[in-house]
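Comments concern the structure below.
Not measured: the values here are computed from a predicted model. We use all heavy atoms of the structure for the numbers below, so side chains are in, but hydrogens, waters and symmetry mates are not. Whatever order the structure lists them in is the order used to number ligands and atoms, beginning at 1.
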Amino acid sequence: MNRKNLEELRRWATENNLERYRADQIYQWVYKKWEDNPWNMTNLSKELRKWLSENFKFHTLEKIEKVEAPDSVKYLFKTEDGHLVETVLIREKDHWTLCVSTQIGCNIGCKFCATAKDGLIRNLTTAEILDQLLWVQKDIKDLPKPWNKVRNIVFMGMGEPLANFTNLKKAVEIFIDQRGIDISKRRLTISSSGILYQLRKMAQDPVLRSVNLAISLNAPNQEIREEIMPIARSNPFDELWELLVNYPLPEGRKITLEYVLIKDINDSEECAYQLAKLVKPHRKRFKVNLIPFNPSPILPYERPEEERIFKFQKILLNHSIIATIRWSKGQKVFGACGQLRAKREIPLIG
Ligand code: SF4
């Protein structure tokens, strides 16, 4: 069920000799009321509920673990072929943000990322991407407002979202459908490592370019970027920058430049000034999100001292650039893109 958009569900209803409005009712139950037990779908006939309970699969993932920290909750799911998928629910000041995974593993190879260690195992299906939200919603739906609904979604979990273009696009279509889940386009962000041909494809896609874009930049120049992100060799910094400066942004939006601050690698004042020089002429189009590196026993890097982090931010602010620091919410369970796995010691394949 949870890979079908409303039109597909209506077609499915017709093929199964059901009235079209039955599809609308089921869509509402699953994507608005977060119901996964057909016996609770009270406006459906008894026969249909029985049929659904025997023939309809409401989840493709199995929820196997939930770890709560004061400001975040990490969910661990298992796919039908035995792989693990992580999703993090982050408590912001007045809403939840859900950090969703799009692949099992990742082949981008960022040196500061634990997910990169395993390479890519496979793309998640649309159903598996959607199911991360459906499980979380089921968990929180009875909390008082506004905590009963995820407000923001970031594709910043395991994997490079744009490398799973087709499944990502369909999941986004269902996430933003006002007849169902209805996440605002302004509150859904795709975070990419910056692969040029995929970004060009996103820029031409009416659905994907209508949501927010974040780029994992992590350096102010080619040399440093290439050191920590090998994909910079085939996706040169200058070409990426040119693309971002000309990216077709919806009215009033900004591209977020994610910058994982790593001690003695990209956290110097010189780096901050270089970044400021780059961004300042386009400061209406960009904002910078500084992410102090989350140390991990399997990665060779360290987090800079607080003073250095604030200094870096101050240099950007002094150039009138919007620059925030993400003191990773629930540092224990959440890091930057791909750092989700940093703290887990169980193997990826269950
Ligand atoms: S940081 Fe993101 S894009 Fe880079 S290897 Fe990790 S999961 Fe992949």
Identify all side-chain donor-acceptor contacts of residues 193-203 below 3.5 Å with residues at least two apart in sequence or on another chain.
| unit_1 | atom_1 | unit_2 | atom_2 | d |
| --- | --- | --- | --- | --- |
| S193 | OG | E160 | OE1 | 2.7 |

- prompt: Just wondering, is there an N, O or S atom on C106 that's nearer than 2.8 Å to atom 6 (Fe) of ligand 1?
  reply: no
task: For E269 and K311, run side-chain contact (heavy atoms from CB on, under 4.5 Å): C-alpha distance rounded to whole Å, both residues' side-chain angles, the deciding distance at 0.1 Å, then the answer.
output: CA-CA 8 Å; E269 287 186 27; K311 180 79 198 172; 3.5 Å; yes
Ring centres under 6.0 angstrom apart (F56, W39): no
- request: Run the numbers for me: atoms of ligand 1, each under 4.0 Å from some heavy atom of G109, listed by number.
  value: 5 (S)
- prompt: Can you list every side-chain hydrogen bond (donor to acceptor under 3.5 Å, both in side chains) pair that touches residues 141-157, not counting sequence neighbours?
  reply: H95-R151
query: Any N/O/S atom of C110 sitting less than 2.8 Å from atom 4 (Fe) of ligand 1, backbone or side chain?
result: yes
